[in-house]
Amino acid sequence: MVLAACQNGPQSEEPSTSQKTGIAKDSIPKQKELALIIERPFPNVTVPAKRQAFKAEAGATLKFESGTRIIIPANAIQDSDGQLIHGEVEIRLREYKDPIDYFIAGINMAYDSSGTQYSLESTGMCEVRAFQNGKELFLTEGESMTIELVSTAEGKNFNLYTYDTVSQGWTYLENKPELLELNPGTDPNAGARFEIQADSSVVDVISVPKPKKPSPGNDIIEVVIPESQLLKELKVFKNAKFEVDDQDTAYKPEYAQVEWDWVQLNRSPFDGKYFLKFSRFKEERSFLVRPVFTGEDFNEAMRVYEDIQAQKEKRRQEWRRKQERAAKIAEKRSRLMRSFRIQYFGVYNCDRIWNAPSVRVEPIMINAASSGDTLVSGSFVMMQSNSIINYNGFGLVPLPKDQSFFVFSLDENHFYYLKSTSVKELKFQGAKTDMILEQYSGGLPESYAEVRQLLEI
């Protein structure tokens, strides 16, 4: 590989798959061990946590913008050695509002009862943790706190479960959650619980740099980077060159005469700039660069950029409309809450056994990007029922007869998906049915907003 260079100017550019989380093993008598390992499908993606602080010796009633409340008594927090905590404590609350969140978090919705497997249907799920100076804390033995969790469904036939993230399973708790229906006329928070997020930070999942022309006098590197190694924000452009940045002092023109074996482009902490790395044998060189375009390549790059911006604006408008519709639904849901008491921090779920009418299916999941290749396992995500059914590639899987669902599958480097479909839309040969899944062009999503935008939720 030869690096070609020229002078521009007048002639004479918060991990591994296994994510450790939760409470470490402690020495508190009878304290439930929660040394947790959750297998998240996207290693770099988590459901965002909301944080609030309070004084441990005073206790508090913490109100979150969703409407959920956490009521903590005074002197109820201790460390792993059993010492009572004083001073400021941070509560971190994750509310898993739908099955997309469950999937992102790697939470299994299967429930085993006497050897029989069921799927759970949730009406509200959350994870609560406490920290002081970065160290995880515990509820004092014999103490409990109350969670009033915003609920997504009416009805009193929901039970309370806690999630064992080591065994990846649910444990039934006898204290049934109490259904609270608030009167929006007397509750000052009822109308403001669900925030409409329609700004560009939600919609602009992938930032595509605006094409630029080279600056006079700067060195230009021309090198072909394999498409598989290109960063996703640059894949949409063709024939990019790389201009050595003014701040870079490592580049020398004679490096253009070296025959390099390997090249890699990495993001830098500087906006719109990258590190271009070359190596051969034991020699490595890295330069701070920015992509540039010349001649007709610049005009074509601008057309691509402007088209992407127009598409993003269209998505923004669609996002706003969907959020406005969701807000109307949320206004009603915000009047429903379920109250329950917990003795340990962790993941809690108001659930019932999913028993909607279903059809037993043998799914053949096909990768649309590689005709004929099948995907071994997958997840069937039911938004209406707030549930997920996982499929390991063997036997039949019950799918809802009258509800739509998503289909997700993963391998080490790619995410595959089928947007909302239903049994009625599928074609069967006996129990078998083909499901064509799209391969996400970005490999694995890198942010929570990216997943939501991809699925148009």
Side-chain angles (χ1 to χ4, degrees), residues 14 21-23 46-56 58-74 76-77 88-102 104-105 107 122-132 136-139 143-153 158 160-163 177-199 201-202 323 326-351 386 448-449 452 457:
E14 331 3 196
T21 181
I23 302 175
T46 60
V47 176
K50 302 296 184 182
R51 306 179 182 211
Q52 288 200 38
F54 72 102
K55 296 291 186 181
T61 296
L62 305 179
K63 299 179 181 179
F64 293 82
E65 62 186 35
S66 66
T68 291
R69 300 199 314 166
I70 297 178
I71 304 167
I72 309 166
I77 307 293
E88 188 172 280
V89 170
E90 181 184 72
I91 290 292
R92 299 179 190 175
L93 169 70
R94 281 189 173 89
E95 294 184 77
Y96 301 112
K97 59 179 177 290
D98 60 29
I100 304 299
D101 281 358
Y102 315 159
I104 290 171
I107 292 176
S122 177
T123 186
M125 187 190 306
C126 69
E127 176 183 358
V128 184
R129 308 275 180 207
F131 295 84
Q132 186 180 72
E136 193 147 17
L137 304 175
F138 306 85
L139 278 171
E143 291 286 358
S144 64
M145 70 181 198
T146 299
I147 299 178
E148 294 179 353
L149 181 65
V150 169
S151 181
T152 60
F158 287 90
L160 185 63
Y161 298 79
T162 186
Y163 194 61
E178 178 186 0
L179 178 64
L180 306 176
E181 183 161 3
L182 305 179
N183 182 349
T186 58
D187 178 15
N189 296 318
R193 283 183 175 153
F194 289 80
E195 178 182 358
I196 298 177
Q197 296 178 339
D199 57 43
S201 65
V202 177
Q323 290 293 87
K328 292 179 181 179
I329 297 172
E331 180 64 27
K332 178 180 178 181
R333 288 181 173 176
S334 68
R335 296 194 293 269
L336 293 175
M337 304 183 77
R338 296 185 190 270
S339 176
F340 53 91
R341 298 182 71 83
I342 64 171
Q343 295 177 305
Y344 311 105
F345 293 113
V347 181
Y348 291 87
N349 196 358
C350 300
D351 275 297
N386 267 3
Y448 180 77
R452 290 271 168 186
I457 297 174

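Side-chain atoms are counted along with the backbone in the values below, which use heavy atoms only and exclude waters and symmetry mates.
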For Ala153, does its backbone N or O pair with a side-chain atom of Thr123 as donor and acceptor, under 3.5 Å?
yes

Any side-chain to backbone donor/acceptor pair from Glu88 onto Gln132? Under 3.5 Å, distance only.
no

Residues at least two apart in sequence or cross-chain that pass salt bridge (charged side-chain N to carboxylate O under 4.0 Å, His left out) with Arg92, listed by chain then number, are Glu90

Does Glu148 have any salt bridge (charged side-chain N to carboxylate O under 4.0 Å, His left out) partners at least two apart in sequence or in another chain, and if so, which?
Arg69

Taking the side chain as everything from C-beta on, heavy atoms only, tell me whether [X] gets closer than 4.5 Å to [Y].
X: Leu139; Y: Ile77; value: yes
X: Val47; Y: Tyr96; value: yes
X: Ile107; Y: Met125; value: yes
X: Met337; Y: Ile147; value: no
X: Ile342; Y: Phe340; value: yes
X: Asn386; Y: Asp98; value: yes
X: Ile104; Y: Tyr448; value: yes

Ignoring hydrogens, what is the shortest heavy-atom contact between [X] and [Y]? Give both atom names and the distance.
X: Phe64; Y: Ile70; result: CE1-CD1, 3.8 Å
X: Leu149; Y: Cys126; result: CD1-CB, 3.9 Å
X: Gly124; Y: Thr152; result: N-OG1, 4.5 Å
X: Cys350; Y: Phe158; result: O-CD2, 4.0 Å
X: Ser339; Y: Thr146; result: OG-CG2, 3.6 Å
X: Tyr348; Y: Leu160; result: CB-CD1, 4.4 Å

Hey, what do you get for [atom1] ([X]) to [atom2] ([Y]), rounding to the nearest 0.5 Å?
X: Tyr344; Y: Phe138; atom1: OH; atom2: CZ; value: 11.5 Å
X: Phe54; Y: Leu62; atom1: CZ; atom2: CG; value: 6.5 Å
X: Glu127; Y: Tyr163; atom1: CD; atom2: OH; value: 11.0 Å

List the residues meeting side chain to side chain donor-acceptor pair (under 3.5 Å) with [X], not counting sequence neighbours, and say none if there are none.
X: Tyr102; answer: Ser122
X: Ser144; answer: Arg341
X: Tyr161; answer: none

Not counting sequence neighbours, which residues clear side-chain contact (heavy atoms from CB on, under 4.5 Å) with Pro73? List them please.
Ala76, Glu143, Met145

